[in-house]
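Throughout, a chain's letter reflects where its sequence line sits, starting with A, and its residues are numbered from 1. Just the heavy atoms: all of them, side chains too, but no hydrogens, waters or symmetry mates, feed the values below.
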Amino acid sequence: MADTSQNSTPSSDEQVQREATRRSRRAFLVSGVAALASLGGWRWLVSQPKEAGIPWPLRRVLDANGKLAGEYFSDAHLAPVFPKHLVREPRTNGNVGLGSNFDPATWRLQVSSLAEPKRIQAFTLDDIKALPRVEITTELKCIEGWSVVVNWAGARFADFATKYGLATPDGGTTAASADALAPYVRVATPDNAYYVGLDIASALHPQTLLCYEMNGQPLTPEHGAPLRLAMPVKYGIKYLKRIGNIQFMSQRPADYWADRGYDWNAGH
Amino acid sequence: MKQLKEKHPLAIRWFHWINFPVLTLMIWSGLLIYWANDIYRIRFAGKTLYHFFPDSFYKALHVPFRLAEGMSLHFVFMWLFVINGVLYVAYTFVSGEWRYLLPNRHSFREAWQVTLYDLGLRKTEPPVRKYNGAQRIAYTAVLLMGIGSLLTGLAIYKPTQLAWLTQPLGGYESARLQHFILTIGYVLFFVIHIAQVIRAGWNNFRSMIAGFEAVESPAPTASVAPAADRPAPTSI
């Protein structure tokens, strides 16, 4: 091996020098072209028409990443839980959709199921509270990079959807009709100012809650009273506060932050 | 008399020069992401010695309020970083190049000698050959750092689905810190690497572009060099 790696030619220094120059020129030329090509590729990439805030090729890859993550996603993959004494009050990072023109007394959760013809069903907080109460203490992870341990209590989104047959095409509640579930869910504030899109698997994950208590207290208005999402399989941007309506959909719904350059999936 | 000696195979040169802009872009987009929660500091006795990073630094580089852009670039170019890295490792194994790259039993003593010599504290020049002990350790370490960045990156990218990975790393927060420290490590590596390339001179730099080095022949020091560069590395 050591022998084959040597070009020992019985030539003068001048010939060696010529050979070195020839090979160098060729190599530097190829390198220069490659460098220019990658610079051109970069320029092309960043100048492409934007799709929801970022150049479309980047958006395609993010969506493909989301699909790939969806393949690996499982109800058996659970977010780690923490002892209750570690809980802290999370920052109230956003107030979009939390305008003051809101009366909790007349609030109803409006749900449009997948079944045709579309029917809107209205639920009260007591309807949600009638479902089994589930409590989890998990890490809320903000897309900004910070995290905080929070104790959430509420009803499993899956229990809610199953009990009322909301995600099935025929409105049925049996296992048989669970074969063709709505692939997507849209959740929005009553004024539709803040809205999130969810894949059905994340919405029905056992740790996804329709949450009405945080750290042992009923939700305060700035944390999304009367009902909010808490779902450790997503970044905090999907923990929508003050849920006004839920729609089960066959098309992928828009998402507030995905419209502003972020990943639609934003899944953990 | 001079002759040309092959040094870096074409594949290694491609891997190297692809990795350079891709890793730069990963560090840059990582900085755009880190800015949104820039909590790391070097503290001593309750005092902050250095904050990663000062506002002037962010301003000079136009970093603020580009989180979404940073994430989109990071989660696209991560593929190139990983694919290039995997191909590099596979190539070094298939081609046998790993024999020059992995440290052996001489490397640590030699690395010490190289360090003393480079700092001007030792007069005798360590044996010159493809990779000396310090290089073997540095290039293997930076590869391990790459694997570390991949693992800690995955741990903070999908901390619930990959909880089996995130938890052994100490959880989400520590995985994020490890990911950051590794990145600082690349920057330090880069600074030393560039300084050494400048010191080593044109012949060495050209070998990373054109593949060959001009050497004196017959090399009188060749027989003095220890066994480390011989093709059958029974010592590893």
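Surrounding CZ of A:Arg43 are at most 12 heavy atoms belonging to other residues, nucleotides or ligands under 6.0 Å away. Other residues, nucleotides and ligands contribute at most 12 non-hydrogen atoms within 6.0 Å of the CZ atom of A:Arg25. Remark: B:Phe190 CZ is loosely packed, at most 12 non-hydrogen atoms of other residues, nucleotides or ligands lying under 6.0 Å away. Residue A:Arg26 places its CZ atom among 12 or fewer non-hydrogen atoms of other residues, nucleotides or ligands, all under 6.0 Å distant. No more than 12 heavy atoms of other residues, nucleotides or ligands lie within 6.0 Å of CH2 in B:Trp14, so this atom counts as exposed by the packing criterion.
Interface residue A:Ala69: only side-chain heavy atoms are found under 4.5 Å from chain B. Only the side chain of A:Ala34 comes within contact range of chain B, judged by heavy atoms closer than 4.5 Å. Only the backbone of A:Leu78 comes within less than 4.5 Å of a heavy atom in chain B; its side chain stays farther off. Using a 4.5 Å cut-off between heavy atoms, B:Leu10 does not touch chain A at all. With a 4.5 angstrom heavy-atom cutoff, B:Tyr34 does not touch chain A via any of its atoms. Contacts between B:Gln167 and chain A at a heavy-atom distance below 4.5 Å involve the side chain alone, from C-beta outward. With a 4.5 Å cut-off on non-hydrogen atoms, A:Arg260 touches chain B through its backbone but not through its side chain. For A:Trp257, no part lies under 4.5 angstrom from a heavy atom of chain B. Only the side chain of A:Leu45 comes within contact range of chain B, with at least one heavy atom under 4.5 Å from a heavy atom of that chain. With a threshold of 4.5 angstrom between heavy atoms, A:Ser24 approaches chain B through its backbone and through its side chain. With a threshold of 4.5 angstrom between heavy atoms, A:Asn265 approaches chain B through side-chain atoms but not through N, CA, C or O. Within the 4.5 angstrom heavy-atom criterion, only side-chain atoms of B:Ala163, from C-beta onward, approach chain A.
Atom CD1 of residue B:Ile209 and atom CZ of residue A:Arg23 lie 13.0 Å apart, to the nearest 0.5 angstrom. For the atom pair CD1 of A:Ile143 and CD1 of B:Ile33, the computed distance is 9.0 Å after rounding to the nearest 0.5 Å. In this structure, NZ on B:Lys158 lies 10.0 Å from CZ on A:Phe73, to the nearest 0.5 angstrom. The distance from the OG1 atom of B:Thr160 to the NZ atom of A:Lys141 is 4.5 Å, given to the nearest 0.5 Å.
When each of B:Leu25, B:Thr166, B:Ile39 is scored by its heavy-atom pairs under 4.5 Å with chain A, the top score falls to B:Leu25. Looking only at heavy-atom pairs under 4.5 Å with chain B, the residue among A:Gly145, A:Ala27, A:Pro55, A:Ser74 that has the most is A:Gly145. Residue with the most contacts toward chain A among B:Ala68, B:Pro9, B:Ala36: B:Ala68 (heavy-atom pairs, distance under 4.5 Å). Chain A forms more heavy-atom pairs under 4.5 Å with one residue of B:Leu162, B:Leu67, B:Ile156 than with any other, namely B:Leu67. Among the candidates A:Ala35, A:Cys142, A:Ser147, A:Ser31, the residue making the largest number of heavy-atom pairs closer than 4.5 Å to chain B is A:Ser147.
A donor-acceptor pair under 3.5 Å is absent between the side-chain atoms of B:Ser72 and the main chain of A:Leu62, judged by distance alone.
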Practice problem: Walk me through it: do B:Trp202 and A:Phe28 pass the test ring-ring contact (aromatic ring centres under 6.0 Å, His included)? | Solution: CA-CA 13 Å; B:Trp202 175 252; A:Phe28 276 89; 5.6 Å; yes

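A salt bridge does not link B:Lys2 to A:Glu19: none of the charged side-chain nitrogens sits closer than 4.0 Å to a carboxylate oxygen.
Along residues 78-87 of chain B, the residues that come nearer than 4.5 angstrom to chain A, judged on non-hydrogen atoms, are B:Met78, B:Trp79 in order of number.
The heavy-atom pair separating A:His268 from B:Tyr157 by the smallest distance is CD2-O, 3.7 Å.
Residues B:Gln161 and A:Val233 have side chains in contact (heavy-atom distance under 4.5 Å, counting atoms from C-beta outward).
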